[in-house]
Amino acid sequence: MRIAFAADHAGARFKDEIIRRLQVQVASEHELIDLGGDGSDPQDDYPDFAQRLGLAIQEGRAERGILICGSGVGASVAANKMRGIRTAICHDTYSAHQGVEHDDMNVLCLGAKIIGGAVAIELIRAFLSANFDKIDRHVRRLDKIRAIEKAS
């Protein structure tokens, strides 16, 4: 799976740490794509990186994404404005896999100021190992979400 990573100025260092750890642990299973945010510019705002990551998924350059800002909130709000992007802040493993299984979540948002690296790796592993379960009620709900996107 191709996994895109992006972060604003508040999440850049955390993103780099996570990518380094994952390169050792999952590089044979997944392609890790760094879309930037190096932390050098305090004007690196989360909407810019949310859009960059969302476009990578919309254009098929990545199947899933990891988006990081200080709390995860702003990045999640921004990314969810994009058609076909389904993201949530998950700071527990249940939500990280359940969001994929029930809601077909394709972007995991993390708060660099909220969790540490070890927890982030556990969350990412739960997120990446999950698949949308395609149970009728979950498909029906996803279709309703797509209808909302289309109407707005």
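In terms of heavy-atom proximity, Met1 sits nearest to Leu128 at CE-O, 3.9 Å. Annotation for Leu35 and Ala6: closest pair CB-CB, 4.2 Å, computed over non-hydrogen atoms. Contact record, Ala12 with Gly39: CB-N, 3.2 Å, taken as the closest heavy-atom pair. For the pair Ala112 and Ala10, the tightest heavy-atom approach, listed with the atom from each and the gap, is CB-O, 3.7 Å. Shown here for Val107 and Met105, the closest heavy-atom pair between the two residues is O-CG, 3.4 Å. Residues Leu22 and Phe5 approach most closely at CD1-CZ, 3.6 Å, considering heavy atoms.
Heavy-atom contacts from other residues, nucleotides or ligands closer than 6.0 Å to CZ of Arg13 number 12 or fewer. Other residues, nucleotides and ligands place more than 12 heavy atoms under 6.0 Å from the CG atom of Asp143. More than 12 heavy atoms of other residues, nucleotides or ligands lie within 6.0 Å of CZ in Phe49, so this atom counts as buried by the packing criterion.
Between the CD atom in Gln51 and the CG atom in Leu55 there is a gap of 5.0 Å [rounded to 0.5 Å]. In this structure, SG on Cys109 lies 11.0 Å from OH on Tyr46, to the nearest 0.5 angstrom.
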Legend entry - Worked check of side chain to side chain contact (heavy atoms under 4.5 Å, CB included) between Lys150 and Arg146: CA-CA 6 Å; Lys150 190 175 182 177; Arg146 288 183 178 129; over 6 Å; no
Inset, instruction - Test Asn131 against Asp133 for side chain to side chain contact (heavy atoms under 4.5 Å, CB included), laying out the working first. - result: CA-CA 6 Å; Asn131 293 301; Asp133 62 20; over 6 Å; no
Inset, instruction - Please report the C-alpha distance between Phe132 and Leu142 in whole Å, then the side-chain angles of each, then the deciding distance to 0.1 Å, and finally whether the side chain to side chain contact (heavy atoms under 4.5 Å, CB included) criterion is met. - result: CA-CA 10 Å; Phe132 183 52; Leu142 185 57; 4.0 Å; yes
Inset, instruction - Decide yes or no on side chain to side chain contact (heavy atoms under 4.5 Å, CB included) for Phe127 and Arg64, but give the supporting numbers first. - result: CA-CA 9 Å; Phe127 171 67; Arg64 294 203 190 156; 3.5 Å; yes
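Contact of the Ile33 side chain with the Glu31 side chain is registered, since non-hydrogen atoms from C-beta on lie closer than 4.5 Å. Within the 4.5 Å cutoff, no side-chain heavy atoms of Leu110 are placed close to those of Ile89. Leu32 has its side chain within reach of Gln23: a pair of non-hydrogen atoms, C-beta onward, lies under 4.5 Å apart. Taking 4.5 Å as the limit, some side-chain heavy atom of Leu108 sits within range of a side-chain heavy atom of Ile124.
For Glu122, the side chain to side chain contact (heavy atoms under 4.5 Å, CB included) partners are Thr93, not counting sequence neighbours.
Side chain of Asp45 to main chain of Asp48: no donor-acceptor pair is present (N/O by atom type, distance under 3.5 Å, no hydrogens or angles). Under the 3.5 Å distance criterion, the side-chain polar atoms of Asp104 are left unmatched by any main-chain donor or acceptor of Val100. A donor-acceptor pair under 3.5 Å links the side-chain atoms of Ser129 to the main chain of Ala126, judged by distance alone. Arg141 contributes no side-chain N or O that, together with a main-chain N or O of Asp103, makes up a donor-acceptor pair within less than 3.5 Å.
A chain of hydrophobic side-chain contacts below 4.5 Å, direct or via other Ile, Leu, Val, Met, Phe, Trp or Tyr residues, connects Ile121 to Val119. Note on Leu67 and Ile18: separate hydrophobic clusters, where clusters join Ile, Leu, Val, Met, Phe, Trp and Tyr whose side-chain heavy atoms are under 4.5 Å apart, directly or indirectly.
Under the side-chain hydrogen bond (donor to acceptor under 3.5 Å, both in side chains) rule, Arg61 has a single partner from Glu59, Gln58, Glu63, which is Glu59. The only member of Ile57, Leu53, Asn80 that meets side chain to side chain contact (heavy atoms under 4.5 Å, CB included) when paired with Thr87 is Asn80. Between Phe14 and the choices Ile115, Ile114, Ile19, the side chain to side chain contact (heavy atoms under 4.5 Å, CB included) rule is met once, by Ile115.
Looking only at atom types and distance, the side chain of Asp41 has no donor-acceptor partner in the side chain of His9 under 3.5 Å away.
A salt bridge links Arg21 with Glu17: the distance from a Lys NZ or Arg NE/NH1/NH2 to an Asp or Glu carboxylate oxygen falls below 4.0 Å. Look at Asp34 and Lys15 and you find a salt bridge, because one of the NZ, NE, NH1 or NH2 atoms lies within 4.0 Å of a carboxylate O, short of that distance. Here Glu149 does not pair with Arg83 in a salt bridge; the nearest charged N to carboxylate O distance is not below 4.0 Å.
Ring pair His138/His102 is parallel by interplanar angle, where below 30° counts as parallel and above 60° as perpendicular.
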